[in-house]
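So the structure is just underneath, and the comments pick up after that.
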Amino acid sequence: MPRQAAPMTAPGKITDCLERLKGSGLPQRDDLIALLSCADEKELKPLFLAADARRKAAVGDVVHLRGIVEFSNYCERNCLYCGLRRVNRQLKRYRMSNREILEAAFAVKAAKIPTLVLQSGEDSFYTTEKLCSLIQSIKAETGLVVTLSLGERPRNDYHAFREAGADRYLLKHETASPSLYGRLHPDSRQENRLQCLKWLKELRYETGAGIMVGLPGQDAAVLADDILLISSLKADMAGIGPFLPHPQTPLAACPSGMVLPVLTVLALVRLACPTINLPATTALSVLHPEGRKKALAVGANVVMPDFTPPAYRRLYDLYPGRTAGSEDTELIMETLKKEIICCGRTLQVTT
Ligand code: SAM
Ligand code: SF4
């Protein structure tokens with residue numbers, strides 16, 4: 001695994017791989033594996049610079065903001081890594097009312113952020129009808145771009161949400177490895193997840209895939225396949241952050257993902273998919289106080305500030321440390337804006 005490895009790649013080889021990756025066309029799997037096997041930050045520096053230059057040329061300096069509202073922490077699944085998993089009885093569960101969700105959407109609009117992300121566990125309390133009516137009210141009352149992240153649903157549901165006005169859907173594929181996927185997801189099938197991603201593309205959602213880096217059992221070859229899968233799915237976005245172990249899950253004793261491999265994957269995805277939207281994830285900021293800056297420097301161009309009301313935010317407990325820091329949204333936004341401008345980037349806001 002990249003995080004355990006001493007540098008395994010011969011000096012010079014990195015330069016050759018990078019030269020090939022900088023060309024157009026699908027990256028070669030062996031080149032990806034070589035770069036993903038390198039644990040020497042200095043050697044990886046040219047990769048990071050190339051990814052930053054590719055980001056600038058392909059999508060410019062703008063950082064897109066998406067306000068996320070985590071409206072339910074109920075989940076019917078049991079993903080081994082996630083604190084919201086069904087059998088975690090220590091977690092107090094919540095569902096936000098339509099009024100509360102709408103108020104949070106208005107707060108996103110008031111912050112001049114053009115996009116709302118509605119995320120939850122897989123919670124069948126929210127029927128297709130309930131969700132369609134919610135999406136319609138949000139669109140009618142706020143005019144925000146709506147991204148959904150609600151997990152796997154039947155094609156008809158995705159179709160209905162699209163008709164109701166949803167624009168984007170984020171469904172991380174989690175891992176390209178069939179065996180690792182099977183071990184981590186006792187109650188879902190990789191085949192179905194990938195089918196959902198294909199439906200979302202067919203229905204013309206802007207579609208997001210993505211992974212956690214540092215999962216137990218993941219190695220450089222698996223990560224290379226993840227990058228190739230993101231490219232072959234023609235994903236419009238990719239959420240890439242570290243795995244962080246949650247104490248009330250079967251993976252509690254596993255080590256966290258590490259910063260360098262996350263940055264390497266981000267940079268490689270930027271080179272493989274030049275126009276993709278890449279968030280600087282909250283999980284990376286939890287792992288490292290400068291995580292956001294680091295991600296923005298190697299290809300990321302999206303930040304997703306949290307607009308979940310603080311009392312609920314604390315309970316959206318995917319992994320430890322998510323809610324450390326200020327609860328004051330205005331302060332969070334000010335800090336964020338300063339940081340983005342400090343990185344020499346501009347901010348996308350509505351007028
Ligand atoms: N339930 C939906 C789903 O699974 O697609 C959306 C919400 S789910 C909480 C959003 C993402 O959280 C997952 O795709 C997963 O990658 C991430 N996640 C869950 N547990 C995590 C952990 N321990 N460390 C890092 N990311 C985690
Ligand atoms: Fe549920 Fe999503 Fe967590 Fe899996 S990752 S347990 S589906 S909230």
Kindly compute the distance separating OG (Ser72) from CG (Leu315), expressed to the nearest 0.5 Å. 11.0 Å
Please check this pair: side chain of Asn73 against backbone of Leu318, looking for a donor-acceptor N/O pair closer than 3.5 Å. no
Going by atom types only, do Ser120 and Glu70 share a side-chain donor-acceptor pair under 3.5 Å? no
Would you say that more than 12 heavy atoms from the other residues, nucleotides or ligands in this model lie under 6.0 Å from the NZ of Lys130, or not? yes
Spacing of CG belonging to Leu18 relative to CG belonging to Leu47, to within rounding of 0.5 Å: 5.5 Å
Out of curiosity, Asp31 CG to Lys13 NZ, how far, rounded to the nearest 0.5 Å? 7.5 Å
Is Thr281 close to Pro242 at the side-chain level, that is, under 4.5 Å between some pair of heavy atoms? yes
Side-chain (Ser149) to main-chain (Leu170) donor-acceptor, under 3.5 angstrom: yes
Give the intermediate values and the outcome of side-chain hydrogen bond (donor to acceptor under 3.5 Å, both in side chains) for residues Asp61 and Thr346. CA-CA 6 Å; Asp61 283 334; Thr346 51; over 6 Å; no
cation_pi(Arg322, Tyr316) dist<6.0 Å, angle<=45: no
Below 4.0 angstrom, N of the basic side chain to O of the carboxylate: do Glu339 and Lys293 qualify? no
Does Glu191 offer a backbone N or O that forms a donor-acceptor pair with the side chain of Gln195 under 3.5 Å? no
Got a second to check how far His159's NE2 is from Leu200's CG, nearest 0.5 Å? 12.5 Å
Run the salt bridge (charged side-chain N to carboxylate O under 4.0 Å, His left out) test against Glu103 and tell me which residues pass, sequence neighbours left out. none
Criterion side-chain hydrogen bond (donor to acceptor under 3.5 Å, both in side chains) on Asp226 and His173, from CA distance to verdict: CA-CA 9 Å; Asp226 282 317; His173 68 278; 2.9 Å; yes
Using the rule given for side-chain contact (heavy atoms from CB on, under 4.5 Å), can you reason through Arg270 versus Val59, listing the C-alpha separation, both sets of side-chain angles and the distance that settles it, and then say yes or no? CA-CA 10 Å; Arg270 174 59 69 201; Val59 294; 4.1 Å; yes
Consider only side-chain N and O atoms of His185 and Asn78, and report whether a donor and an acceptor are under 3.5 Å apart. no
Can you name the nearest heavy-atom pair linking Ala160 to Thr128, along with the distance? CB-CG2, 3.8 Å
Shortest non-hydrogen contact from Tyr126 to Met96? OH-O, 3.3 Å
Is the shortest side-chain N to carboxylate O distance from Asp236 to Lys201 below 4.0 Å? yes
Distance check, rounded to the nearest 0.5 Å: Arg66 atom CZ versus Thr147 atom OG1? 6.0 Å
Validation row: Leu287, Val259 side chains within 4.5 angstrom (heavy atoms): yes
Check: Arg155 and Leu203 side chains under 4.5 Å, non-hydrogen atoms: yes
Please determine, by modelled atom types, if Asn277 and His64 share a side-chain donor-acceptor pair under 3.5 angstrom. no
Taking Arg54 for the side chain and Ala267 for the main chain, is one N or O donor matched with an acceptor at less than 3.5 Å? no
With side chains defined as the heavy atoms from C-beta onward, is the minimum distance between Leu229 and Leu194 less than 4.5 Å? yes
side-chain contact (heavy atoms from CB on, under 4.5 Å) between Leu21 and Leu35, intermediate numbers included: CA-CA 10 Å; Leu21 277 167; Leu35 286 156; 2.9 Å; yes
If the condition is salt bridge (charged side-chain N to carboxylate O under 4.0 Å, His left out), which residues does Glu19 pass it with, not counting sequence neighbours? Lys22
Short side-chain donor-acceptor distance under 3.5 Å, Ser177 and Thr175: no
Got Tyr205 and Asp167 here, is their nearest side-chain heavy-atom distance under 4.5 Å? no
Between Lys109 (side chain) and Thr142 (backbone), is there a donor-acceptor pair under 3.5 Å? yes
Leu131 side chain reached by Arg153 side chain, heavy atoms, under 4.5 Å: yes
In plain terms, say whether Arg55 and Asp52 are close enough for a salt bridge, that is, a side-chain N and a carboxylate O under 4.0 Å apart. yes
Return the orientation label for the Tyr158 and Tyr169 ring planes: parallel under 30°, perpendicular over 60°, tilted otherwise. perpendicular
In terms of hydrophobic clusters joined by side-chain contacts under 4.5 Å, are Leu263 and Ile14 together? yes
Which pair of heavy atoms, one from Leu228 and one from Pro27, lies closest together, and at what distance? CD2-O, 3.6 Å
Check this for me: Glu330, atom CD, are more than 12 non-hydrogen atoms of other residues, nucleotides or ligands nearer than 6.0 Å? no
Quick one: does any side-chain atom of Arg86 pair with a main-chain N or O of Cys75 as donor and acceptor, under 3.5 Å? no
Just by distance, no angles: are the side chains of Arg168 and Thr115 close enough, under 3.5 Å, to form a donor-acceptor pair? yes
Heavy-atom pair of closest approach, residues Pro261 and Val213: CB-CG1, 3.8 Å
Heavy-atom count check: over 12 atoms from other residues, nucleotides or ligands less than 6.0 Å from Glu141 CD? yes
Does Ser231 use its side chain to pair, donor to acceptor, with the backbone of Ile227 at less than 3.5 Å? no
Side chain to side chain, Ser188 and Arg77, heavy atoms closer than 4.5 Å: yes
Are Met237 and Leu197 connected in the hydrophobic side-chain network, where two residues link if heavy atoms are under 4.5 Å apart? no
Asp123 vs Phe71 side-chain heavy atoms within contact, under 4.5 Å: no
Between the main-chain N or O of Tyr94 and the side-chain N or O of Tyr312, is there a donor-acceptor pair closer than 3.5 Å? no
Does Glu152 reach the main-chain N or O of Asn192 with its side chain, forming a donor-acceptor pair under 3.5 Å? no
Reported OG-to-CG distance for the pair Ser256 and Leu251, which is rounded to 0.5 angstrom: 11.5 Å
So, for Ala39 and Leu260, which heavy atoms are closest and what is the spacing to 0.1 Å? O-CD2, 3.6 Å
Whichever hydrophobic residues join Ile68 through chains of side-chain contacts under 4.5 Å: Val117, Val302, Met304
Between the main-chain N or O of Arg204 and the side-chain N or O of Arg162, is there a donor-acceptor pair closer than 3.5 Å? yes
